[in-house]
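Written below as structure tokens is the structure these notes are about.
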Amino acid sequence: MEKVLKEITPKSSDFSQWYVDVIRKSDLVDYAPMKGFMVMKPYSYRIWEFIQEQMDRRFKETGHQNAYFPLLIPEHLLAQEAEHIEGFSAEVAWVTMGGNEQLPERLAVRPTSETIIGAMYAQWIHSYRDLPVLINQWANVLRWEKSTRPFIRTTEFLWQEGHTVHRTADEALAETLQQLEIYREVIEDYLAVPVIAGVKSAGERFAGAVDTYTLEALMGDGRALQSATSHFLGQHFSKAFDIQFLDEDGELKYGWTSSWGSSTRLIGAVIMVHGDDKGLRLPPKIAPIQVVIVPIGRGAEREAVVAHARELESALSPVCRVKLDARDEFTPGYKFNDWEMRGVPLRVEIGPKDMAKQQVVIARRDTSEKISVPEEQIGVAVTRLLDEVQKELFRQAAAYREAHTFSIVNYQQMEENGYRGFFRGDWCGSEECAAHLKSETGMTIRCLPFNETPVADQCIVCGQTTRYRALFARAY
RNA sequence: CGGGGCGUAGCGCAGCUUGGUAGCGCGCCUGCUUUGGGAGCAGGAUGUCGUAGGUUCGAAUCCUAUCGCCCCGACCA
């Protein structure tokens, strides 16, 4: 334990340093030779693949298809929707040279693809029979952020962005909310991260959207992370890009569009929600390795133990993602710490004592609990325990969130809890109050949660009577 | 863009004040002994001291310039 503390800064003493230590030590990422960029090593990319699988399956089940649009967007297209370009101009990277030639028009490296996709949709859509268009793309985007942090905010990141066009506003809004629900399901059921769903206030809305819906999660340091967003774009983009169709009634109408996205940021949420002083704690459903087998044995015993461990590996491989750690250059103690740092949910220990009793020891990463299990029950036990760990991680995260959610009647009360956590309070709806709060305390409106009950019916900033229920937090 | 910190072996750092043959720990390689919570001993390999100028008989060290990275803030998925 002392050595662990030497390598990983305790979560409670410096959360930022803890986060950086964990991602480096657990072999998730490496820093790239350019500021703000990171290399996703195989261990973290595998987690991303699990997230992709779950999202992608649900997108397809709800009628979406994948496509791919260009990385570069000509300036005139990016600038076509006024609010959109205003929102993104400060963080766009530009390509100005092609080989040795100056380009006639500079090209933006996409910060998001509404514009180029909108321009294409305008050419594809002519009739109500062409609708809806339900397309998603898995891609990388670039946003020249001033301040970066691995997974949470990097200059380049991987994501999926869905872009849809509908015949009516109702249909587009239903799509927007349906996709938000898909995100909620994957994030809560697979990443074991509890989220609060709601709509963004005007000041926090996506550039060019009518409404932005969001899922907000609470990290281990009491700050909020916007985990996925789904935008109802109304007719802003269809008017800007001339996405029109001839309706059944013979009238030419503008389409109603939506866009929705989730990114590799989700991996950051998993780390910051579940991690502890020993390192990562991965939910079994997205853990690249769910069970690690550590053989224990000295001298002549070793060979027999390792051979036996291989049999266990074969027995377990049909029911879980299992790895045998037969490295003989490390002691068991080292391996225990090593795999705990990497967040593997279950560890199976097998040594001479266990072999004699025809049992194994199974250790849980989430609770540190160790139990002995008869060998013939190992498959059943592992299956059950993986399920329990998955649930326990969610339960712990939800309990943490509950313990750090406070109802307040004025914003000064935030100070009592060190501005850490979710604060439920009412808000008059004015951007002046939101701006005042932010400059005074750094707190922002994360969303107006669905089905929220009022606290005092009075704005926590100005005290005026109001009907808006808001969720406040310091955001990443 | 503001504030702070740092560039010396794969990683973490000392050395710089007061210039004089490049060091420590971990890791790595070899061998032997070890293995139920980060093993021990012995031997070994690894450096344009971020870069470019300058001062000097001599620069990791002093001077000038420059590049880069990290953290905190403002901005943001």
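Each chain gets a letter, A, B and so on, in the order its sequence line appears, and its residues count up from 1.
- Both distances falling under 3.5 Å, in either a Watson-Crick or a G-U wobble arrangement, occur for no nucleotide opposite B:A45.
- In this structure, CG of A:Asn337 is placed 5 Å from C1' of B:G38, rounded to the nearest angstrom.
- Among the heavy atoms of the strands lying under 4.0 Å from A:Glu145 is at least one base atom, whether or not backbone atoms are also near.
- Residue A:Glu349 is in base contact, counting any heavy-atom pair closer than 4.0 Å across all strands shown.
- For A:Met341, the listed nucleotide lying nearest its side chain is B:G38; candidates were B:C75, B:G36, B:G38.
- As a whole-Å value, the separation of A:Lys335 NZ from B:G38 P is 14 Å.
- Candidate nucleotides B:C72, B:G38, B:A77 were compared by shortest atom distance to the side chain of A:Phe157, and B:A77 ranks first.
- Under 4.0 angstrom from either OP1 or OP2 of B:G73 there lies at least one side-chain N or O belonging to A:Arg474.
- When rounded to the nearest whole Å, the span between CG of A:Leu158 and P of B:A77 equals 18 Å.
- Among the nucleotides B:U35, B:C72, B:C75, the one closest to the side chain of A:Lys438 is B:C75.
- For the pair A:Ser147 and B:C75, the criterion of a side-chain N or O lying under 4.0 Å from OP1 or OP2 is not met.
- Residue contacts for A:Val361: at a heavy-atom cut-off of 4.0 Å it reaches a base atom on one of the strands shown.
- Looking at A:Arg347, its side chain comes within 3.5 Å of the base of B:G37 through a donor and an acceptor atom.
- Between A:Ile23 atom CD1 and B:C71 atom C1' the separation is 13 Å, expressed in whole Å.
- Nucleotides B:G12 and B:G31 are separated by 29 Å at their P atoms, to the nearest Å.
- Atom C1' of nucleotide B:A77 and atom CH2 of A:Trp48 are separated by 11 Å, given to the nearest angstrom.
- Within the cation-pi definition used here (under 6.0 Å to the ring centroid, within 45° of the axis), A:Arg149 qualifies as a partner of A:Tyr19.
- The phosphate of B:C72 has OP1 or OP2 within less than 4.0 Å of a side-chain N or O from A:Arg149.
- Take the nearest nucleotide of RNA chain B for A:Gly36 and for A:Ser263: the residue whose nucleotide is more 5' is A:Gly36.
- For the pair A:Glu91 CD and B:A77 P, the interatomic distance rounds to 7 Å; values are reported in whole Å.
- Base engagement by A:Gly351 is indicated by at least one non-hydrogen atom pair under 4.0 Å involving a base atom.
- Across all strands shown, B:U18 remains unpaired; no Watson-Crick or G-U wobble contact has both distances below 3.5 Å.
- Nucleotide B:C32: paired with B:G40 (Watson-Crick or G-U wobble, both distances less than 3.5 Å).
- Residue A:Arg24 is the one, among A:Pro150 and A:Arg24, whose nearest nucleotide of RNA chain B lies closer to the 5' end (criterion: closest heavy atom).
- Nucleotide B:C62: paired with B:G54 (Watson-Crick or G-U wobble, both distances less than 3.5 Å).
- Using N1 to N3 plus N6-O4 or O6-N4 for Watson-Crick, or N1-O2 and O6-N3 for G-U wobble, each under 3.5 Å, B:G25 pairs with B:C11.
- Within the nucleic acid shown, A:Ile152 comes within 4.0 Å of at least one base atom, counting heavy atoms only.
- Residue-environment remark: CZ (A:Arg184) exceeds the threshold of 12 foreign heavy atoms within 6.0 Å.
- Using a 4.0 Å heavy-atom cutoff across all strands shown, A:Pro352 reaches at least one base atom of the nucleic acid.
- Within 6.0 Å of the CZ atom in A:Arg310, the count of heavy atoms belonging to other residues, nucleotides or ligands does not exceed 12.
- Considering only the side chain of A:Phe330, B:C28 comes nearest among B:G37, B:C28, B:A77.
- Listed nucleotides: B:C1, B:U35, B:A77. Nearest to the side chain of A:Lys146: B:C1.
- Within 6.0 Å of atom CD in A:Glu415, 12 or fewer heavy atoms from other residues, nucleotides or ligands are found, so the atom counts as exposed in its surroundings.
- Contact annotation: A:Thr331 side-chain N/O to B:A39 OP1/OP2 distance is under 4.0 Å.
- Atoms OH (A:Tyr334) and P (B:C28) sit 7 Å apart, rounded to a whole Å.
- Of the residues A:His64, A:His163, A:His231, the one that meets the ring pair (Phe, Tyr, Trp, His ring centres under 6.0 Å) test with A:Trp260 is A:His64.
- Shown are A:Phe450, A:Tyr183, A:Phe206; of these, the side chain to side chain contact (heavy atoms under 4.5 Å, CB included) with A:Tyr213 is made only by A:Phe450.
- Among the candidates A:Thr164, A:Ile116, A:Val133, the single residue satisfying the side chain to side chain contact (heavy atoms under 4.5 Å, CB included) test with A:Tyr121 is A:Val133.
- Residue A:Glu340 places its side chain closer to B:G37 than to any other of B:A77, B:G37, B:G36.
- For A:Asp354, counting side-chain heavy atoms from C-beta on, the closest listed nucleotide (B:G37, B:C71, B:G36) is B:G36.
- At the heavy-atom level, A:Phe206 lies nowhere under 4.0 Å from the strands shown.
- The aromatic rings of A:Phe88 and A:His84 are tilted relative to each other, their planes meeting at an angle between 30° and 60°.
- Each of B:A77, B:G38, B:C72 was ranked by its minimum atom distance to the side chain of A:Ser16; first place goes to B:C72.
- As judged by a 4.0 angstrom heavy-atom cut-off over every strand, A:Thr154 is placed among the base-contacting residues.
- The partner of B:C1 is B:G73, judged by Watson-Crick or G-U wobble contacts that both fall below 3.5 Å.
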